[in-house]
Participant: 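Below is a structure I'd like to ask you about.
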Amino acid sequence: MTRDERPLRAVPPAMWIALAATLAAQIGWRSLQGPAGAGAADLPPPPSAQALRLASFGEPPALARLAMLYLQAFDYGGANLTPYRRLDYARLIGWLDAILELDPRSEYPLFAAARIYAEVPDEARSRLMLEFIYRQFFVDPDRRWPWLAHAALLAKHRLKDLPLARRYAAAIDRHTHAASVPLWAKQMEIFILEDMNELQAARILLGGLLESGAIRDPAEARFLRQRLEELERRRR
């Protein structure tokens, strides 16, 4: 358990009462509806972050986790034959935005966005979620880069959209500064440029990286020099 997380017993009793009342209302509403059909109810409009903050009883991180559980409950309705794909993604992104504003340090919303909602077999919805991840990355690049790196891989391998993958990779390279960001993440743009056959641009970026002195691992520097030599041969 990390320092910013607390055990469930630390959640105020009033919040558990509110959650229980909400769940009871939800169950009652569903039971009155009867068996859900193909047109199962979608997400309600997202609340504002201010409304969530007022409802948090001074415990925004705890309510943010509860809100994520509520959000994901819509993916387990028995009638949803293709989970996640039936959701209104504009509303879904509104919920994720509000939850992140409530608890900006939480990784759960971006994890769900990158590893669940962006991986649906629906290109339009996937692109909406990838852009949400890209936009949220700029709020805290040094902490949120892993989700944008995953977005770049999805753009490259699933959507086959190399320019989009390059845009995400370039953002990681240009906007992260923490020493904890691994070099492979900052080098993603170079290898995507190779895939795009943009060899000159890849060579310039790779050469600049080697000359900057940022590569301190001898084995990694040797590997990148070999890649640079290979690019030089391919340009002849």
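Sequential numbering from 1 along the given sequence is applied to the chain's residues.
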Participant: Taking NZ, NE, NH1 and NH2 as the nitrogens, is one of them in E189 or R174 under 4.0 Å from a carboxylate oxygen of the other?
Facilitator: yes

Participant: Between D142 and H177 (side chain of the first, backbone of the second, donor and acceptor by atom type, cut-off under 3.5 Å), is there such a pair?
Facilitator: yes

Participant: Just do the side-chain contact (heavy atoms from CB on, under 4.5 Å) check on M129 and I116 with the steps written out, would you?
Facilitator: CA-CA 10 Å; M129 196 56 62; I116 300 174; over 6 Å; no

Participant: How long is the span from the CD1 atom in I133 to the CD atom in Q136, to the nearest 0.5 Å?
Facilitator: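 Going from the CD1 atom of I133 to the CD atom of Q136 covers 10.0 Å.
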
Participant: Parallel under 30°, tilted from 30 to 60°, perpendicular over 60°: which one fits the rings of Y70 and W95?
Facilitator: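 Plane angle between 30° and 60°, so tilted.
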
Participant: Starting at CD1 of I99, measure out to CG of L110 and round the result to the nearest 0.5 Å.
Facilitator: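 The CD1 atom of I99 sits 11.0 Å away from the CG atom of L110.
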
Participant: How many angstroms lie between CG in L162 and CG in N197, if you round to the nearest 0.5 Å?
Facilitator: 10.5 Å

Participant: Passes side-chain contact (heavy atoms from CB on, under 4.5 Å), H175 versus F137? Steps please.
Facilitator: CA-CA 9 Å; H175 296 280; F137 161 80; 4.0 Å; yes

Participant: Over all heavy atoms of both residues, which pair between A98 and S48 is shortest? Give the atoms and the distance, please.
Facilitator: CB-C, 4.4 Å

Participant: For residues R143 and P104, report the shortest heavy-atom separation together with the two atoms involved.
Facilitator: NH1-O, 3.9 Å

Participant: Rounded to the nearest 0.5 Å, how far does CG of L96 lie from CZ of R91?
Facilitator: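 These two atoms lie 14.5 Å from each other.
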
Participant: Could you go through R127 and D161, starting from their C-alpha distance and side-chain angles, then the distance that decides it, and tell me whether this counts as salt bridge (charged side-chain N to carboxylate O under 4.0 Å, His left out)?
Facilitator: CA-CA 10 Å; R127 287 180 180 274; D161 189 336; 2.9 Å; yes

Participant: Hey, are D195 and K156 close enough for a salt bridge, meaning a charged N less than 4.0 Å from a carboxylate O?
Facilitator: yes

Participant: Looking at S126 and E119, would you say the former's side chain and the latter's main chain have a donor-acceptor pair under 3.5 Å?
Facilitator: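 No: the side chain of S126 does not pair with the backbone of E119.
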
Participant: Tell me, do R105 and D103 make a side-chain contact under 4.5 Å, heavy atoms counted?
Facilitator: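 When only atoms from C-beta onward are counted, D103 and R105 do touch, with a gap below 4.5 Å.
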
Participant: With a cut-off of under 6.0 Å to the ring centre and 45° to the axis, is R125 in cation-pi contact with Y117?
Facilitator: no

Participant: Decide whether D173 and Q187 meet the rule of one side-chain donor and one side-chain acceptor closer than 3.5 Å.
Facilitator: no

Participant: Going through the distances and angles, do L63 and L102 end up as a side-chain contact (heavy atoms from CB on, under 4.5 Å)?
Facilitator: CA-CA 8 Å; L63 184 59; L102 184 67; 4.1 Å; yes

Participant: Measuring from atom CZ of R167 to atom CD1 of I192, what distance do you get when rounded to the nearest 0.5 angstrom?
Facilitator: 12.0 Å

Participant: Nearest 0.5 Å, what's the CZ-CD1 distance between R166 and I190?
Facilitator: 11.0 Å

Participant: Could you pull out the closest heavy-atom pair between A149 and M188, with the gap in Å?
Facilitator: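 Looks like O-CE, 3.7 Å.
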
Participant: What are the two closest non-hydrogen atoms of H150 and A114, and how far apart are they?
Facilitator: CD2-O, 3.3 Å

Participant: For a quick test of reading the model, state the closest non-hydrogen atom pair linking H157 to K160 and the distance between them.
Facilitator: O-NZ, 2.9 Å

Participant: So do D97 and I93 actually touch side chain to side chain, heavy atoms under 4.5 Å?
Facilitator: yes

Participant: If you take all heavy atoms of L128 and Y89, which pair is closest and at what distance?
Facilitator: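 The answer is CD1-CB, 4.0 Å.
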
Participant: Carefully, step by step, assess E59 and R53 under the rule salt bridge (charged side-chain N to carboxylate O under 4.0 Å, His left out).
Facilitator: CA-CA 8 Å; E59 297 286 341; R53 194 171 291 109; over 6 Å; no

Participant: Is there a donor-acceptor pair under 3.5 Å between the side chain of K186 and the backbone N or O of T176?
Facilitator: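 Checking the backbone N and O of T176 against the side chain of K186, a donor-acceptor pair under 3.5 Å is found.
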
Participant: Would you call the rings of Y168 and Y134 parallel, tilted or perpendicular, taking 30° and 60° as the class edges?
Facilitator: tilted

Participant: Is there a chain of hydrophobic side chains (I, L, V, M, F, W, Y, each step under 4.5 Å between heavy atoms) that links V181 to W184?
Facilitator: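 V181 clusters together with W184.
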
Participant: Quick one, M68 and P109 - any side-chain contact, counting heavy atoms below 4.5 Å?
Facilitator: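 Yes; the side chains approach each other to less than 4.5 Å.
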
Participant: Cluster question for you: counting only ILVMFWY and a side-chain heavy-atom cut-off of under 4.5 Å, with indirect links fine, are V139 and Y108 together?
Facilitator: no

Participant: Report the C-alpha separation of R158 and E123 in whole Å, then their side-chain angles, then the decisive distance to 0.1 Å, and conclude whether the salt bridge (charged side-chain N to carboxylate O under 4.0 Å, His left out) test is met.
Facilitator: CA-CA 9 Å; R158 289 206 174 195; E123 183 174 334; over 6 Å; no

